[in-house]
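The structure under discussion appears below in the form of structure tokens.
Just so it is clear, the model here is predicted, and its values are computed rather than measured. Here is the naming used below: chain letters follow the sequence lines, and residue numbers restart at 1 for every chain. Values below: every heavy atom of this structure, side chains too, minus hydrogens, waters and symmetry copies.
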Amino acid sequence: MNLDYSQFLMMPQELGLLAVFLLVFLYDTFMPKSTQKGLPLFATIAFGIYMILGFLPVNEGLIFGDMFQADKATWAIKNILNIGTFIVLLQAVKWANSDFVSIRRGEFYELILLTLFGMYLMISARHFLLFVIGLETASLPLATLVAFEKKHYESHEAAAKYVLTAVFSSAIMLMGLSFVYALSGGNLYFNQLATYLMGEPSLLLVLALAFFIAGVGFKLSLVPFHLWTADVYQGAPTMVTSYLSVISKGSAAFAFFIILVQVFGSAYADVWQWMLYAVIIITITVGNLFAIRQRNLKRFLAFSSISQAGYIMLGVIAANAVGMASMMYYILVYIFSNLAAFGVIAVIERYTGKVTTDDYNGLFKTNPWLAFVMMLAMFSLGGIPPFAGFFSKFFIFVGAAQTGSVAIYVLVLIALINTIISLYYYLLVVKAMFIRQDECAIPTLKSHWTEKAGLWICTLGIILIGLISCIYTSLSGITASLSDVFAMI
Amino acid sequence: MEIFSNILIYFVIIPVLTLAGLALTKNKGIDAIRAVAVTGATALVCLAIYLVYIFLKARGLGNTDPMILRSDVTWYAPLNIKLALGVDGVSVVMILLSAFIVFAGVFASWKMDPLPKQFFLWFFLLSTGVFGFFISVDLFTMFMFYEVALIPMYLLIGVWGSGNKTYSAMKLTLMLMGGSAFLMLGIIGIYFHSSPEGQPLTMNLLEIAQKDAIPHDWQYYLFPLTFVGFGVLGAMFPFHTWSPDGHASAPTAVSMLHAGVLMKLGGYGCFRIAIYLMPFAAQQMGWIFLTLTGISIVYGAFSACVQTDLKYINAYSSVSHCGMVLFAILMFNSTAMTGAVLQMLSHGLMTALFFALIGMIYGRTHTRDIREMGGLMHIMPYLGVGYVIAGFASLGLPGLSGFVAEMTIFVGSFEHQDMFHRVLTIAATTSIVITAVYILRVVGKLLYGAVQDKHHEMLTDAEPTERISTATLIICVAIIGCFPNFFINIIRDSFDPVVKALTSVM
């Protein structure tokens with residue numbers, strides 16, 4: 001069979017990312033030692049240029065024997081992830097040049113770009129094989145990144161936990177997929193599977209579905225598959241934690257949506273929706289209740305991100321175009337809010353090594369700008385207008401409620417009550433910074449310009465994304481045109 | 001941009017510009033901060049008065065639309081969310097009230113310390129929310145502005161408050177946000193049932209009311225959600241417990257704004273969204289909430305009798321008076337509803353006056369416990385007289401605003417033919433007597449009698465800025481008391497669509 005090389009032109013984003021990766025790799029390998037200090041900035045700028053070029057429109061179509069999908073939705077979610085990755089890279093510049101990390105700074109950038117490439121594959125995959133390859137490419141290098149701070153004991157512990165759970169969850173998921181493979185007679189194409197699975201509901205397939213949800217649930221840290229999250233988030237370098245919490249989660253959520261709706265949307269919609277229904281309720285509730293007690297801000301944001309993943313799943317359970325648009329919008333807003341929070345934490349951790357809520361007492365007096373950004377992030381995560389988080393929460397609830405059943409309204413009510421609980425602990429951070437006083441508060445810090453730039457982008461995003469309606473409008477225009485995904489539901 | 005030709009949008013633009021102006025001032029430049037704040041507040045008052053003029057002119061020319069000054073700008077097209085503006089008589093007087101209280105609040109916080117700049121930033125963010133809420137007719141934007149008005153309370157109380165401030169601030173924020181969680185579900189539910197099958201959905205409440213398409217069985221769920229959601233802010237029993245703690249801990253200007261304006265958002269929302277859009281469920285389930293608000297009225301008044309902290313007394317008094325607002329709205333006739341709006345005005349002004357005076361007294365004596373004070377009348381006569389006037393307004397002395405409002409409410413309520421409603425009305429009227437008890441108790445103890453602490457002899461009377469703040473409010477209270485017809489003329493027609501909807505489902 002002759003490969004049609006023109007197919008590669010259908011995947012400009014993947015090629016662009018590979019180009020950036022190669023540039024960074026070449027710089028890392030061949031440039032003289034004296035110039036290595038410039039690598040982080042070089043990589044960030046190269047990625048930034050690619051990010052902007054990534055907004056150029058793409059051609060739509062299925063390529064490589066129907067395995068790889070290029071359409072507006074994949075284009076949009078990849079761009080959203082690009083923005084997040086760019087902010088992470090920007091904020092990491094100073095950290096990558098710090099004493100312990102600087103010997104391997106090139107690896108950090110290469111591995112991050114590699115995982116992003118894996119996520120691209122995962123998003124665009126329309127065949128389970130490609131999906132699994134993407135998933136593994138995305139998760140295994142992350143374990144290396146988690147272990148990146150070699151001198152820190154927690155970093156190693158976190159990496160061990162991460163790699164074990166990642167492998168274990170992949171195994172469970174592959175088990176589920178093997179059932180699907182058996183039932184469909186060896187077919188793993190998303191668009192064809194739906195017709196195979198039309199007939200009598202079989203117990204084996206329900207089991208397959210459960211295994212699949214469990215496997216992806218690990219990646220998304222849905223309860224009860226969340227146990228690794230807090231330890232890994234705490235132990236990993238803050239830059240890696242922030243990458244893990246937003247980008248990795250966002251890509252997995254999108255792929256999850258596509259598979260559940262396109263493959264299992266026909267005969268099994270009820271089954272997985274009820275499974276997800278239960279998972280969402282416990283995810284949001286458990287995440288929130290555990291977050292209340294956390295004093296370490298990284299653990300705190302770990303539990304907060306668990307409950308946020310539950311909200312993202314509201315878009316999946318909706319299984320309609322509004323839900324999908326709202327989910328993508330939610331991911332975008334979540335990227336800005338969470339990266340703002342992690343950005344502040346990273347700055348303060350790097351200069352003072354302090355990461356608990358009590359250390360933040362009186363932060364507003366000494367570092368008003370950092371405290372302000374942190375407050376915006378907390379308000380946005382808590383869903384308070386006029387910040388972006390409010391809009392994303394409202395839209396995702398509307399998406400879920402559009403299905404119209406009373407059960408979903410009950411789910412939305414539970415989620416809404418949970419937003420109040422979450423508001424409580426987000427306000428605890430605000431209280432520490434603004435209301436509590438401390439004699440020995442964190443001294444006034446002078447953060448590096450790259451860190452400032454990263455926080456500025458997040459701040460503008462939090463304030464503007466909600467008030468400017470064009471982003472959500474175009475996202476919902478994109479999802480409304482996805483006839484192939486929603487063909488079966 | 002067509003929307004900028006609508007005068008209403010400037011009620012949001014002015015506070016936002018004030019916010020921007022404040023953001024540009026220096027932390028230390030207290031004069032600049034004050035100048036910006038006063039300019040913003042004055043502009044709002046002028047604009048509000050001009051709005052009343054425009055409104056009366058339009059009505060005089062025979063414009064009988066339910067809402068005037070309407071304009072729509074599409075915001076989120078996929079969900080039919082619009083920036084829809086419009087006012088009727090009720091919103092006009094609410095805007096007028098808010099403008100005056102913001103104005104008085106700026107002067108009441110003249111010496112705010114520490115961080116005056118941040119204080120005024122949050123203060124004007126709160127005002128933005130309040131005005132935005134009153135000018136919107138789109139459910140989403142109303143809800144958004146509603147929450148914008150709530151969240152600054154957390155920091156305003158938490159940072160600048162006194163006493164057990166962190167606890168109160170958290171309790172207040174969580175309870176109000178809890179109410180708004182119900183509200184959000186209610187709004188989503190209303191949106192998805194806003195139109196008959198096959199027609200495009202809408203968030204515009206005028207269109208929803210006109211289509212009247214919300215199925216009756218859904219109204220049973222959505223009405224309690226929205227009514228309780230707003231009722232929490234209206235301090236409806238048993239969701240009132242945030243109010244005493246919140247008021248007691250809040251700084252003066254925030255108490256004023258909160259009791260004066262923010263609690264009115266609750267009553268206004270119940271009237272505008274819960275009852276207007278779901279008249280069937282309102283008729284069916286109204287008695288439950290009527291009982292609860294009846295309890296609020298009497299219970300609040302009794303609680304005020306046994307308190308010794310000046311702010312707690314007025315906070316419980318607010319529970320009682322705000323209960324009357326919701327009580328009257330639930331009587332479903334236009335006399336009682338007129339009374340409800342008058343009561344909102346009256347309560348807003350006199351409570352703001354009360355809290356301003358309490359703040360000024362507290363600033364001098366450093367105590368709010370009435371057992372530790374006495375004979376203040378001859379030490380600070382200006383504040384004393386102001387307090388007596390506020391008290392008389394509160395207990396309903398003719399010539400002041402309270403009398404007009406309560407009279408209208410109880411006459412309107414008794415108009416209801418049903419025995420249940422009449423009995424409740426009689427029970428609620430007892431609050432007038434109880435109000436007199438706690439007001440006269442405080443006045444007697446605080447202003448007359450022996451001076452309890454000899455250091456109090458040295459204290460001085462009100463300063464010019466304080467006089468501006470209180471005099472504004474006293475004049476307003478007297479104007480409503482003496483010329484109620486002016487206000488009744490503005491609001492009279494606004495109830496027709498609601499009452500018509502309510503009678504059509506009987």
Original post:
Which answer fits A:Ser476, side chain, backbone, both or neither, if we ask what part of it has an atom under 4.5 Å from a heavy atom of chain B?
Top reply: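 Contact with chain B is through the side chain of A:Ser476 alone.
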Subject >> Region of A:Leu428 in contact with chain B, defined by heavy-atom distances below 4.5 Å >> reply: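 Both the backbone and the side chain of A:Leu428 come within 4.5 Å of chain B.
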Original post:
So which heavy atom on A:Leu467 is nearest to which on B:Trp75, and how close?
Top reply: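 In this case the closest contact between A:Leu467 and B:Trp75 is O-NE1, 3.0 Å.
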Original post:
How many angstroms lie between CZ in A:Phe394 and CD1 in B:Ile188, if you round to the nearest 0.5 Å?
Top reply: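 Reported to 0.5 Å precision, the distance equals 5.0 Å.
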Leading residue by heavy atom contact count with chain B [cutoff under 4.5 Å; candidates [options]]:
| options | result |
| --- | --- |
| A:Leu413, A:Val412, A:Thr419, A:Ile417 | A:Leu413 |
| A:Phe434, A:Phe379, A:Phe395 | A:Phe395 |
| A:Tyr472, A:Phe390, A:Phe397 | A:Phe390 |

Original post:
With a 4.5 angstrom heavy-atom cut-off, which part of B:Ile151 approaches chain A: side chain, backbone, both or neither?
Top reply: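 For B:Ile151, side-chain heavy atoms alone lie under 4.5 Å from chain A.
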Original post:
Taking the inter-plane angle between the rings of B:Phe140 and A:Phe391 on a 0 to 90° scale, is it parallel (under 30°), tilted (30 to 60°) or perpendicular (over 60°)?
Top reply: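 Ring orientation, 0 to 90° scale: tilted.
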Original post:
Are any of the side-chain heavy atoms of B:Phe192 and A:Val398 separated by less than 4.5 Å?
Top reply: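 The answer is yes, as the side chains (C-beta and beyond) meet within the 4.5 Å cut-off.
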Original post:
side chain to side chain contact (heavy atoms under 4.5 Å, CB included) between B:Leu115 and A:Phe364: does it pass, once the steps are laid out?
Top reply: CA-CA 11 Å; B:Leu115 304 171; A:Phe364 179 70; 3.8 Å; yes
Subject >> Between B:Tyr146, B:Trp218, B:Trp160, the one whose heavy-atom pairs under 4.5 Å with chain A are most numerous >> reply: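 Between B:Tyr146, B:Trp218, B:Trp160, the count favours B:Trp218.
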